[in-house]
Amino acid sequence: MGDYWRGTLMALSTAFIWGPTGAIAKMITSTGLSQISVVAYRAVVISFVVACWLWATRGMSAFRVPKPMLGVYGSLGLLTIIFNATGFMMACVYLSVPQVLMLGYTSPIVTMAGSSLLTRERPSPIQVMSGFLVLLGLYVGFVMGRDADASISLVGLAWGSLSVIGASGQALLSRRVSKMALPDPLLQLFFSHLFGGFLLITARTLLTGWPDLAALTLRGFVLIQYPALMSGLLGYGLLFSALRLIPAHLVTLICTLEIVFALMMTPLLVRQIPTMNEIAGCAVILFAVACSVATRKSISPDLSGA
């Protein structure tokens, strides 16, 4: 299997793993646990697991990286943990899952614009069209036919916007690193969660403390393993690996299939049958992603002058 299709498969696997995350976030919130605590736990678990693996397989030399790369990993941690993960999980508290998805998947359009400027990987016209088709699919599936006067939380909108910035930024930065230096997804995974988790835990400790931990139950503890081990460890490991092989804008487009997988799993998780609008919207998204994947452009431009 060539690099293009391996990267595509990795991005597709990420979308599948992320599918249940929004619904599980709602279930966690119902237990009284803060999503900030969930993301902090995730950062600690992933940092520890990946550190143990790196030490066991490569020894202490694995953690010796050039100082400039530490700055990159620190920025990646800010985008991945503080912006994207915390923003998404907190948006799920204040917004409905459809509203979060509608806002979150403007990120392919943002990433396409950034790809042209930062990584010199310009999307094809069909891929640009696919990005807007995804938005159309979201509108058909999750807005058309709904109550027009449904309120939207401004706090949720702010968290969701932060998540979009993080999702696009992390994809672009990770892809930029993969084009300029020898990429190592495990190091990206470790250092981004180490630095991002440190910032999040420090800020939460100083500002509000951790009063929600008193509400932690066995059910809540079991639920938070999914965002930690699946959405975080496996999902982001595959995401960073995919970004070594295919452009950031294509990865974010493929990851919109998270919506389709989420809808497929809805009857199992919350016992809710998808509406015809939602099925039609997902069909549009599937068509858009199929078009974008079928358009193979050169994925290795010269960035020496960037």
Least distance between heavy atoms, L238 atom then T14 atom = CB-OG1, 3.3 Å

ask   = Between K26 and V93, which heavy-atom pair has the shortest distance, and what is it?
value = NZ-O, 4.1 Å

query = Would you call the rings of H193 and Y236 parallel, tilted or perpendicular if under 30° counts as parallel and over 60° as perpendicular?
reply = perpendicular

key: Criterion ring-ring contact (aromatic ring centres under 6.0 Å, His included) against F63, the qualifying member of W53, Y73, F191, F190   = F190

request  = May I have the step-by-step check of side-chain contact (heavy atoms from CB on, under 4.5 Å) for T80 and F195, ending in yes or no?
outcome  = CA-CA 10 Å; T80 301; F195 292 148; over 6 Å; no

inquiry  = If you apply the rule salt bridge (Lys or Arg N to Asp or Glu O under 4.0 Å), what do you find for R244 with D184, and how did you get there?
reply    = CA-CA 9 Å; R244 296 169 55 203; D184 191 326; over 6 Å; no

note = Nearest heavy-atom approach of P227 to I24 is CD-CG2, 4.3 Å

query = Which pair of heavy atoms, one from S292 and one from S130, lies closest together, and at what distance?
reply = N-OG, 3.6 Å

Same apolar cluster: L286 and I279, side chain cutoff 4.5 Å = no

key: CA sep, side-chain torsions, deciding dist, call: I36, D212, side-chain contact (heavy atoms from CB on, under 4.5 Å)   = CA-CA 10 Å; I36 295 179; D212 61 299; over 6 Å; no

key: Same apolar cluster: Y41 and V49, side chain cutoff 4.5 Å   = yes

request  = Answer yes if I224 and L234 sit in the same cluster of Ile, Leu, Val, Met, Phe, Trp and Tyr residues linked by side chain heavy atoms under 4.5 Å apart, and no otherwise.
outcome  = yes

